[in-house]
Asks: 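There's a structure below that I have some questions on.
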There are 2 protein chains.
Amino acid sequence: MENKIKIILADDEQLFRKGIRFLLEKEECFDVIFEAENGQELIDFISTTEEFPDIILMDLKMPEVNGVEATKIIHKTHSDIRIIALTSYGGKSFITNMIDVGASSYLLKNTSPKTVVHTIQEVHDKGFYYDDEVMKTIHENLLSSSGKRIKCDLDKKLLSKREIEVLELICAQYTTSQIAEKLFISPRTVDGHRNNLLLKTQSKNVAGLVIYGIQKKLIEISPDF
Amino acid sequence: MENKIKIILADDEQLFRKGIRFLLEKEECFDVIFEAENGQELIDFISTTEEFPDIILMDLKMPEVNGVEATKIIHKTHSDIRIIALTSYGGKSFITNMIDVGASSYLLKNTSPKTVVHTIQEVHDKGFYYDDEVMKTIHENLLSSSGKRIKCDLDKKLLSKREIEVLELICAQYTTSQIAEKLFISPRTVDGHRNNLLLKTQSKNVAGLVIYGIQKKLIEISPDF
DNA sequence: TGAAAATCAGGTATTAATACCTATTGTAAA
DNA sequence: TTTACAATAGGTATTAATACCTGATTTTCA
C-alpha cells in the first residue's frame, strides 16, 4: 500500500517515543517519518522538510517549546497537518486549550494502543476524533456554564510576559531586590509588577501568587515522592 | 532458552507499558510476566503470586502507592527482587532516595531502548548498574554530601500538628495576626511556628512554604478547570 | 496612525515578615 | 527520672512586602 499515513512523534522521553513507534509500526498503514524531542526541533523539521506528515502526536510537556506553543505555530502555518495531543494530563483546561490552538484530538497516555491506532485513523479520515473519556470531559466543560469560560479566557490573557517572569521568580523565593537584579530593572518596577499580580490574581500576598502560579501551571513544581 | 529474565513493569501510563513491553520482548531473554498500573497493584501481585520476577521496572509517580513506597516495601520483604527505577525525573534527591530504599539502578525515560536492555542484563548479572549520566549525578552528590546529609535528615523530620495547622493558614493567605486569632494563640507563637517551618522546610519565605505544602500534599489546591 | 496596553520607575507610608534572643509548661519516650 | 521536644509567648531589631500615589517610554494592534 502506497498511501501510508505519515506520522511524527513529538515527546521528550526517548523511551516513550521508541515504544510507541513500535506499536504504531506494527500497523501496515502507518509510517513514522520523524521523532522530535521538543517543540523547537519539531518546528525546525516542519519548516525545512519537503516530506510533510499527515499526523503529529504531540506531548504537552516538552523543553524549549512546549506542545501548546508548537501546536499553535504549526497549525497556523500548516493547517492541513492534523495534530493529536498525547499526554498524561487530562485536565479540562489542557484539553480545551489544545483544541483551541488547533489540535484535532486529545489522547491520554493511559489509554490502550488500540485506541491510539483508532484515533489516528479517525483523525486522518474525518479530521477529528475524541475518545469517550475525553469527550466526557469536554461535555462536562460545556455544561459548566458559559460564564466560566469567559472568565477562563480572561484569566489566561491576564498576565503579561514580564509579569509571568516576575511571578516565576517570586515563586522561586527571591526577594524583590533579587528579582530586580536578575531582570536588570529597578526594584520599584518589580514592586509594581508584583502589585499588578496581586490585583490581577486577586491574591492577598505571595502565598496567593504561588498558588495561582501552580494552579495555572505557570510554575512547575517537582513532585514529591 | 529456559532461563529468561522475568520482568514486571510498574507504570501508570498504559501506553508506556505497552510500548516498553514490545521493546523488551524483542529480546529473547526477557519475559514480561506482569504489568502493574500502581504501587498497590504491584505489591498485591508480589504478595500473592508464586512466580516471582527477577526485575521490576518501577516508575516513581504512580497513584495509590508511589514508586518509592512500593520499592521500600518490596525490598524489605523480597530483597532478591532487583528494582530498577525508570522515570522522567532526574533530580539528585530522587536518585539517592530511590537507591536508599533499595533500588538497584536508576534510569531516565529519556534514554535509549538499548540502555534499558543493557541495564536490565547488568542488574540481573551483577546486582546493580548505573548509566554514565546517572553515575555523574550520584558522584556529584557524594562530593557535596557531608554537609547536606544533615539537611536531608532535617527534611525528613515531620512537622508537628500545630505547625501543619499554621502552614495551612499561611497557604490560605492569612497574616500572622489573623492566624493567631484563628488558633487562639499569641501572634508571637505563630511567629515561632512559622520560623520553625522555614527552618524545617529549608524555605526562604512564605513562597517556599506554600510550595512545600503543596508538594507534600499538606495543602490541597483545586485545579484550574 | 491613534488608542490601549505593557513596561518602566520614582515617592511615601504602613504593615508584615523574618532573624535573633530567652523562657515556661506539659507530655511522652528512653 | 532524666531527656527531649512541642507548644506557648515575650523582647528587639531589621528587612521585605504591600498600599496608594504619580508619570514617562515603548509596543502592540485595530
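Naming: A, B, ... by sequence-line order, numbering from 1 per chain.
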Asks: How close do A/Gly208 and A/Ser203 get, heavy atom to heavy atom, and via which atoms?
Replies: C-OG, 3.4 Å
Asks: Side chains of A/Ile46 and A/Ile56, heavy atoms from C-beta outward: is any pair under 4.5 Å?
Replies: yes
Asks: At a heavy-atom distance below 4.0 Å, what parts of residues 174-194 of chain B sit against DNA chain C?
Replies: B/Thr175, B/Thr176, B/Asp191, B/Arg194
Asks: Less than 4.5 Å apart, any side-chain heavy atom of B/Lys109 and any of B/Asp11?
Replies: yes
Asks: Each nucleotide in nucleotides 21-30 of chain D should get exactly one letter: B, S or -. Can you fill that in based on protein heavy atoms under 4.0 Å?
Replies: ----------
Asks: Looking at A/Lys200 and A/Glu163, what are the two nearest heavy atoms and their distance?
Replies: NZ-OE1, 2.9 Å
Asks: Would you mind checking if B/Asp191 and B/Arg188 are paired as a salt bridge, meaning a charged N to carboxylate O distance below 4.0 Å?
Replies: no
Asks: Using every non-hydrogen atom in the two residues, find where B/Ala103 and B/Thr71 come nearest and quote the distance to one decimal.
Replies: N-CG2, 4.0 Å
Asks: Using a 3.5 Å distance criterion without hydrogens, assess whether the side chain of A/Asp54 forms a donor-acceptor pair with backbone atoms of A/Lys6.
Replies: yes
Asks: Rounded to the nearest angstrom, tell me the gap between atom NZ in A/Lys204 and atom P in C/dA17.
Replies: 12 Å
Asks: Does the B/Ser177 side chain pair with the main chain of B/Pro187, one donor and one acceptor, at a distance under 3.5 Å?
Replies: no
Asks: Can you say whether the rings of B/Phe52 and B/His78 are parallel (under 30°), tilted (30 to 60°) or perpendicular (over 60°)?
Replies: tilted
Asks: Salt-bridged, B/Lys182 to B/Glu165, with N to O below 4.0 Å?
Replies: no
Asks: I want to check one thing: is the phosphate of C/dC20, taken as OP1 and OP2, less than 4.0 Å away from some side-chain N or O of B/Asn195?
Replies: no
Asks: To the nearest 10°, give me the bend of the helix from C/dT1-D/dA30 to C/dA30-D/dT1, comparing the axes of its five terminal pairs at either end.
Replies: 70°
